[in-house]
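Have a look at the structure below, then the notes.
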2 protein chains.
Amino acid sequence: METAGQTRAQACGQLPVEHGDFVREVIDRVGDKWTLLVIANLRDGPRRYSQLQQLVPGISQRMLTLTLRQLKDDGLVTRTAYAEVPPRVEYALTSLGASLLDTATALIDWATANHAAIRDNRLKRPSGRA
Amino acid sequence: METAGQTRAQACGQLPVEHGDFVREVIDRVGDKWTLLVIANLRDGPRRYSQLQQLVPGISQRMLTLTLRQLKDDGLVTRTAYAEVPPRVEYALTSLGASLLDTATALIDWATANHAAIRDNRLKRPSGRA
DNA sequence: CCGTATCCGGGCTGATACTG
DNA sequence: CAGTATCAGCCCGGATACGG
């Protein structure tokens with residue numbers, strides 16, 4: 001289907017924004033409330049469930065589980081369960097997940113660098129915002 | 001809450017993922033359904049309202065307006081209305097918006113390059129997902 | 001320790017209709 | 001052309017309680 005489609009899409013030097021469908025599908029995933037943060041926290045290697053819960057401040061068990069499962073289903077992380085007495089489960093990025101890590105990091109960096117400016121602007125130009 | 005607790009959480013040259021708050025606030029904005037696509041479509045210069053509506057396939061008037069207004073409030077785009085007989089309004093990226101463009105483009109590129117792989121993985125490893 | 005299941009509310013979203 | 005207004009639906013996401 002799209003194996004060759006995307007190749008020629010950007011042949012003109014433009015961004016392949018035209019396939020809003022694919023992009024939105026992925027952005028919707030990546031751009032949801034926690035995914036990016038979880039991925040970013042796996043940058044330094046495998047993490048345990050409880051570790052991630054601490055690393056991502058406000059996340060609930062439900063959301064962590066859901067995010068992790070989704071990530072695993074999408075092939076971005078691996079899940080390894082050790083059948084030990086105190087159960088231990090580790091999550092790690094796959095190569096696919098790692099490839100997203102760069103972009104994710106960039107986005108987080110941008111957010112960190114510019115969130116103050118955004119807030120500032122938002123206060124200055126109230127055009128009906130809540 | 002976590003007002004002071006997270007501030008000193010890092011300090012070792014790591015990514016500032018610890019400020020999940022700011023990051024999430026921005027990611028939530030940027031990562032919503034349409035923002036990224038709209039921004040990407042402003043890469044080549046100012047666009048008119050109706051142009052954007054065509055450029056972003058499935059977007060509704062409501063969502064385009066909302067996204068645009070939000071973007072304007074956040075200082076990522078400018079809105080210029082020309083008092084002409086057929087009303088004309090143009091939207092353009094600010095420097096702040098342009099600085100996000102790089103990252104946005106990277107994310108879109110990633111999505112374009114890997115959406116097939118993700119779909120593939122999703123079909124192969126059903127752990128309860130559709 | 002690592003999840004899962006259920007309840008439930010809020011906000012985002014789309015469709016439609018109307019205005020300057 | 002470029003919005004605004006309203007309504008109804010759906011999914012996200014948090015809290016809680018329970019299972020392996």
Side-chain angles (χ1 to χ4, degrees), chain A residues 20-21 24-25 27-38 41-42 46-74 77-92 126-130, chain B residues 1-2 20-21 23-38 41-42 46-74 77-92 126-130:
Chain A
D21 291 357
R24 279 227 315 94
E25 190 176 335
I27 300 299
D28 255 26
R29 275 290 151 88
V30 170
D32 77 340
K33 210 167 182 178
W34 305 105
T35 299
L36 225 50
L37 259 14
V38 170
N41 274 300
L42 290 172
R47 296 290 176 191
R48 302 181 56 171
Y49 183 89
S50 48
Q51 268 185 306
L52 289 171
Q53 202 165 9
Q54 292 162 15
L55 257 26
V56 184
I59 199 168
S60 62
Q61 280 195 337
R62 174 193 162 83
M63 279 300 103
L64 181 54
T65 300
L66 254 44
T67 302
L68 250 16
R69 177 157 56 189
Q70 169 204 106
L71 250 22
K72 179 192 145 209
D73 285 351
D74 288 356
V77 308
T78 57
R79 190 192 114 115
T80 312
Y82 300 90
E84 301 173 356
V85 190
R88 182 164 55 104
V89 182
E90 286 189 344
Y91 295 90
S127 78
R129 187 199 103 58
Chain B
M1 296 279 247
E2 64 282 39
D21 291 358
V23 178
R24 279 227 314 94
E25 190 176 335
V26 177
I27 300 299
D28 254 25
R29 275 292 151 86
V30 169
D32 78 340
K33 211 169 181 179
W34 305 106
T35 298
L36 224 52
L37 258 15
V38 170
N41 275 299
L42 289 173
R47 296 291 176 192
R48 302 181 56 173
Y49 185 89
S50 49
Q51 269 184 305
L52 289 171
Q53 202 165 8
Q54 292 162 15
L55 256 27
V56 184
I59 200 169
S60 62
Q61 280 194 336
R62 175 194 163 82
M63 278 301 102
L64 182 54
T65 299
L66 254 45
T67 302
L68 251 15
R69 177 156 55 190
Q70 170 205 109
L71 250 23
K72 179 191 145 210
D73 285 353
D74 288 357
V77 308
T78 57
R79 190 193 113 113
T80 311
Y82 299 90
E84 300 173 355
V85 189
R88 182 163 56 101
V89 180
E90 285 189 346
Y91 294 89
S127 79
R129 250 299 276 169

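Residue numbering restarts at 1 for every chain, and letters A, B, ... go by the order of the sequence lines. Because only heavy atoms are used, hydrogens play no part in the values below, and waters and symmetry mates are left out as well, while side chains stay in.
When rounded to the nearest whole Å, the span between CD of A/Glu90 and P of C/dC1 equals 15 Å. What separates CD of A/Gln54 from C1' of C/dC2 is a distance of 14 Å, to the nearest Å. Nucleotide D/dC12 holds its C1' atom 15 Å from the CZ atom of A/Arg69, rounded to whole Å. Per the geometry, CD belonging to A/Gln61 stands 14 Å off P belonging to D/dC18, to the nearest Å. Atom CZ of A/Arg48 is separated from atom P of C/dC1 by 8 Å (rounded to the nearest Å). The distance from atom CG of A/Asp28 to atom C1' of D/dC10 is 14 Å, rounded to the nearest whole Å.
In this structure, B/Thr65 reaches the bases: a heavy-atom distance under 4.0 Å links it to at least one base atom across the strands shown. Within the nucleic acid shown, B/Tyr82 has no heavy atom closer than 4.0 Å to any nucleic acid atom.
In this structure, B/Asp32 contributes its side chain and B/Asp28 its backbone to no donor-acceptor pair below 3.5 Å.
Remark: A/Tyr49 pairs with A/Thr65 by the side-chain hydrogen bond (donor to acceptor under 3.5 Å, both in side chains) rule, at least two apart or across chains. When the side-chain hydrogen bond (donor to acceptor under 3.5 Å, both in side chains) test is applied to A/Ser60, no partner is found at least two apart in sequence or on another chain.
Proximity of B/Leu66 to B/Met63: side-chain heavy atoms (C-beta onward) are separated by under 4.5 Å at one or more points. With a 4.5 Å cut-off on side-chain heavy atoms, B/Leu52 and B/Leu68 count as touching.
Between A/Glu90 and A/Pro46, the closest heavy-atom pair is OE1-CB, 3.8 Å.
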Q. How does protein contact run along nucleotides 9-15 of chain C, one letter per nucleotide 5' to 3', with B for base contact, S for sugar-phosphate only, - for none, heavy atoms under 4.0 Å?
A. ----BBB
